[in-house]
Amino acid sequence: MSSLALDPKVAVERVVGVGVLVLLAAGPAVFNDYWISTILTQTLFFGIAASSLVFLYAYGGMISLAQTALMGISAYLLGNMVTQRVPGGETKGLTLGWDPTLALVLAIVITTLIGLVFGAVASRSLGIYFLMLTLTYAVIANYFFGQVTQFGGFSPIAGINQYTPGFVGDLIDHPDKLYYIALGTALCVYVVTRYLARTPFGLSLQGIRDDPVRMTSLGYTVPLHRTLAFGYAAFVASLAGILLVWWDGQIAPGNIGIGATIELLVMCVIGGLARIEGAWLGAFAFIVINNYVRDVELPVVGGSFNTIIGLIFLVIVLVSPDGLMGIWDRLWGAIRRGGGGGRPEPAAVGASTAREAGSS
Amino acid sequence: MFAILYVLVIAEPDDGTGGGWRTTNFGSALDDPGGFLQVLLDALTFAGLLFIVASGFSLIFGLMRVVNMAHGSFYLLAGYIAYEVQQSMTGEGFSIPGSEVNTWEWVFPMIVAAACVALLGLIVQQLLLSWNQGEDLRQALITIAVSVIIADQVIAHFPRTGVFEVGGGNAVSMTWPGWTERFVDLRLWGVQYSLARLVMLALGVVVGILLYLWLYRTKTGMVIRAGVDDRQMTSALGINIQKTFAIAFVVGAALAGVGAVVGSSQGNIASGQDTQWLLNSLIVVIIGGMGSLLGAAAGSLLYALVLTFSASYLPIIGTECCTNYSIVITFALLAIVLAFRPQGLFGRAG
């Protein structure tokens with residue numbers, strides 16, 4: 001790959017990416033409060049969760065439906081550890097009242113460990129089996145927090161965002177602060193994920209995606225690579241879970257139910273499963289649709305928002321399985337062919353850089 | 001290996017009966033054989049229902065490699081359709097006493113419901129799945145989209161009768177025919193057992209036998225099994241494999257319908273059960289192995305045993321512990337099976 005002679009497509013993507021980043025960094029100066037605190041903050045942290053799913057698919061060839069559950073597990077852990085038992089007040093969960101910084105670290109570490117266990121159990125299952133197994137994890141986690149009343153139970157653990165570490169400060173009165181934390185985290189996740197894909201670990205993971213049998217015969221431990229990749233994805237999802245409770249203040253079984261699991265998958269599919277950037281693009285598209293189409297009544301058939309999202313999902317899967325990023329890739333190819341050939345199409349994965357939060 | 005696994009999985013629920021914290025809902029099997037038998041029968045009868053639903057799921061997967069994520073939604077739709085049909089046949093309103101329902105008023109709703117979801121299955125298969133054969137993941141995503149739409153539409157329009165407002169997906173239940181509404185004396189440790197639940201088990205066995213005869217004793221079944229083994233070779237021999245796919249999808253969806261009628265007669269039908277039954281089907285086929293009739297039976301049995309025994313025999317400490325942890329035991333079962341056999345108990349490798 002010659003990186004000196006820059007592919008015009010990569011150049012365009014870099015310009016767009018930097019533009020988006022500048023726009024997002026300017027944030028509150030450009031967008032109104034509703035956009036900052038509702039649409040963009042949600043886009044950023046759901047994009048982080050979605051990127052963990054896209055990472056597993058794009059580099060590991062695994063579709064995991066457990067990312068929402070892992071997000072919820074870290075949120076539940078944080079909620080159980082930081083909330084305090086208020087006299088007279090109704091509190092759910094263990095209400096341990098630990099130091100928020102300690103709780104934050106523990107929530108992330110434990111979620112990652114749980115992810116490693118999940119990954120180890122699933123590591124020998126392939127393709128569609130992997131999808132089914134991770135869906136089973138998701139449903140089990142949902143029922144677990146719904147049924148086991150010590151850790152949560154049916155109604156939400158609330159008021160979690162009152163207990164934030166000192167270096168984070170008060171997020172309830174300063175939504176801009178949470179926005180910038182989410183932006184910074186998203187940027188880090190993007191950069192680290194892209195970097196990880198180029199390390200020997202990332203390269204062998206991609207080798208395993210393409211031909212597990214050959215990689216095994218070359219001496220690579222396939223299940224171990226899969227397990228570690230799943231652990232990293234769990235780590236990323238746990239970050240999204242922390243941001244979710246800081247944003248929402250509460251966590252309930254509904255946040256990690258099958259509906260939420262499918263919503264995350266819809267985001268990834270809308271954005272495009274083959275490229276990390278698609279995660280944020282899809283999250284943005286989904287959340288905008290969610291906010292502006294939610295109250296639309298469907299003519300004739302009736303039903304709610306779910307019918308609309310189901311239809312959008314169906315159309316995307318039928319028309320362009322690789323989502324909006326895939327449409328962009330093909331559009332570019334069409335333009336170039338129209339303009340009289342040129343160099344061959346670059347590989348879709350890993351061809352571009354710096355389109356972090358390529359959402360707006 | 002299988003034997004070790006079998007012992008492991010079977011031994012798990014037994015722990016609670018013998019030692020441990022000792023306080024359980026039932027005494028140990030030796031002290032309270034009646035209670036043990038009761039729980040065992042609960043497990044077996046539930047396994048019958050599980051098998052009916054999961055065998056349809058397994059059939060579709062085994063032949064076409066399609067994970068029909070809409071299986072639970074089919075179940076939900078069929079349950080409500082059957083409820084409406086039974087309501088309009090008996091005209092009794094919300095809760096029908098069993099004595100008012102004869103066998104035909106239970107069987108006919110089942111036929112209607114199964115036919116409706118079978119037709120829906122056929123439409124989904126022909127319209128959305130037949131042209132992208134072989135793209136596993138895409139087909140799974142398509143069925144997820146279909147399941148979201150169906151579940152939302154069902155909740156928007158059902159139940160229609162016997163409730164204050166149409167729609168909402170509230171819980172309603174079918175009524176077993178009157179003659180099943182009694183307890184049978186088993187003449188064993190004084191156990192009286194619900195006839196309806198025994199009928200549920202019998203139906204599971206009947207479905208199993210019919211499926212066996214169909215798959216192993218008829219020409220269609222032979223073609224289906226050939227298709228499971230080698231799709232391309234089968235169609236190269238001049239067999240219309242697309243037609244076979246359609247038949248399998250129809251039967252698989254219809255089984256979700258039959259299961260829904262049995263399930264909503266025993267318990268109820270309500271929004272959220274689509275997820276519940278998708279999970280049940282998934283666990284059964286993951287444990288048992290995909291596309292294997294025997295696997296579906298073994299998976300149903302194991303899952304039902306673990307679920308029922310852990311709910312009954314986990315120790316009780318206070319009001320909040322520990323029977324609600326049975327979901328964790330289910331995960332353990334899954335993990336143990338997959339650790340030894342990633343393709344499930346009766347699944348073939350690859």
Side-chain angles (χ1 to χ4, degrees), chain A residues 57 61 63 65 117-118 120-133 135-150 153 223 257-259 261-263 265-266 268-269 273 298 301-318 321-322, chain B residues 61 65-67 69 72 128 131-132 135-157 167 272 274-276 278-283 285-286 290 319-328 330-331 334-339 341-344 347 350:
Chain A
Y57 181 70
I63 283 210
L65 293 183
V117 173
F118 279 6
V121 172
S123 62
R124 293 200 291 162
S125 304
L126 294 174
I128 212 79
Y129 288 85
F130 190 86
L131 183 144
M132 288 190 290
L133 194 56
L135 177 64
T136 313
Y137 294 162
V139 184
I140 285 176
N142 181 20
Y143 284 140
F144 179 82
F145 286 113
Q147 286 175 6
V148 181
T149 38
Q150 288 92 331
I258 194 92
T261 300
I262 288 175
E263 279 178 8
L265 182 67
V266 172
C268 298
V269 171
L273 278 166
L298 273 180
V301 287
S304 70
F305 174 67
N306 276 342
T307 301
I308 302 171
I309 213 69
L311 286 170
I312 293 173
F313 187 35
L314 188 61
V315 168
I316 294 241
V317 178
L318 292 177
D322 41 7
Chain B
F61 183 86
R65 306 277 130 186
V66 174
V67 180
M69 295 287 186
L128 301 175
W131 50 273
N132 47 22
E135 296 175 59
D136 287 12
L137 227 41
R138 193 176 183 188
Q139 293 187 322
L141 295 179
I142 289 173
T143 56
I144 287 176
V146 170
S147 82
V148 170
I149 297 171
I150 294 177
D152 193 56
Q153 289 296 318
V154 168
I155 291 166
H157 297 291
D274 47 341
T275 316
Q276 177 93 52
L278 179 60
L279 174 75
N280 288 344
S281 309
L282 281 171
I283 291 183
V285 293
I286 290 174
M290 282 287 175
T319 52
E320 294 196 330
C321 194
C322 295
T323 51
N324 48 10
Y325 281 82
S326 62
I327 194 81
V328 181
T330 308
F331 177 75
L334 210 61
I336 292 168
V337 170
L338 288 175
R341 284 188 68 86
Q343 69 275 32

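Letters A, B, ... mirror the listed sequences (proteins, then strands); counts begin at 1.
Here the side chains of A/Tyr129 and B/Val67 are not in contact, with every heavy-atom distance at 4.5 Å or above. For the pair B/Leu334 and A/Val121, the minimum side-chain heavy-atom distance is 4.5 Å or more.
A distance of 9.5 Å separates CG in A/Leu133 from CD1 in B/Ile283, rounded to the nearest 0.5 Å. The CG atom of A/Leu273 sits 12.5 Å away from atom CZ of B/Arg138, with the distance rounded to the nearest 0.5 Å. With rounding to the nearest 0.5 angstrom, the CG atom of A/Leu314 is 5.0 Å from the CD1 atom of B/Ile149. The distance from atom CG of B/Leu279 to atom CG of A/Leu135, rounded to the nearest 0.5 Å, is 7.5 Å. Note that CD1 of B/Ile150 is 13.0 Å distant from CG of A/Asn306, once rounded to the nearest 0.5 Å. The CD1 atom of A/Ile258 sits 6.0 Å away from the CG atom of B/Leu278 when rounded to the nearest 0.5 Å.
A/Ile262 touches chain B through its side chain: at least one heavy atom from C-beta onward sits under 4.5 Å away, while N, CA, C and O do not. Using a 4.5 Å cut-off between heavy atoms, A/Leu265 touches chain B through its side chain atoms alone. Contacts between A/Ile63 and chain B at a heavy-atom distance below 4.5 Å involve the side chain alone, from C-beta outward. When heavy atoms are compared at a cutoff of 4.5 Å, B/Leu282 approaches chain A solely by way of its side chain, counted from C-beta outward. Contacts between B/Gln276 and chain A at a heavy-atom distance below 4.5 Å involve backbone atoms as well as side-chain atoms. With a threshold of 4.5 angstrom between heavy atoms, A/Phe130 does not approach chain B through any atom at all. Contacts of A/Leu131 with chain B are made by side-chain atoms alone, with heavy-atom separations under 4.5 Å and no backbone atom involved. Residue contact with chain B, scored on non-hydrogen atoms closer than 4.5 Å, is absent for A/Val266.
Shortest non-hydrogen contact noted between B/Ala145 and A/Gly310 is CB-O, 3.7 Å. The heavy-atom pair separating B/Trp131 from A/Leu318 by the smallest distance is CZ2-CD2, 3.5 Å.
More than 12 heavy atoms of other shown residues, nucleotides or ligands fall within 6.0 angstrom of atom CZ in B/Phe61.
The only member of B/Leu141, B/Val148, B/Ile142 that meets side chain to side chain contact (heavy atoms under 4.5 Å, CB included) when paired with A/Phe313 is B/Leu141.
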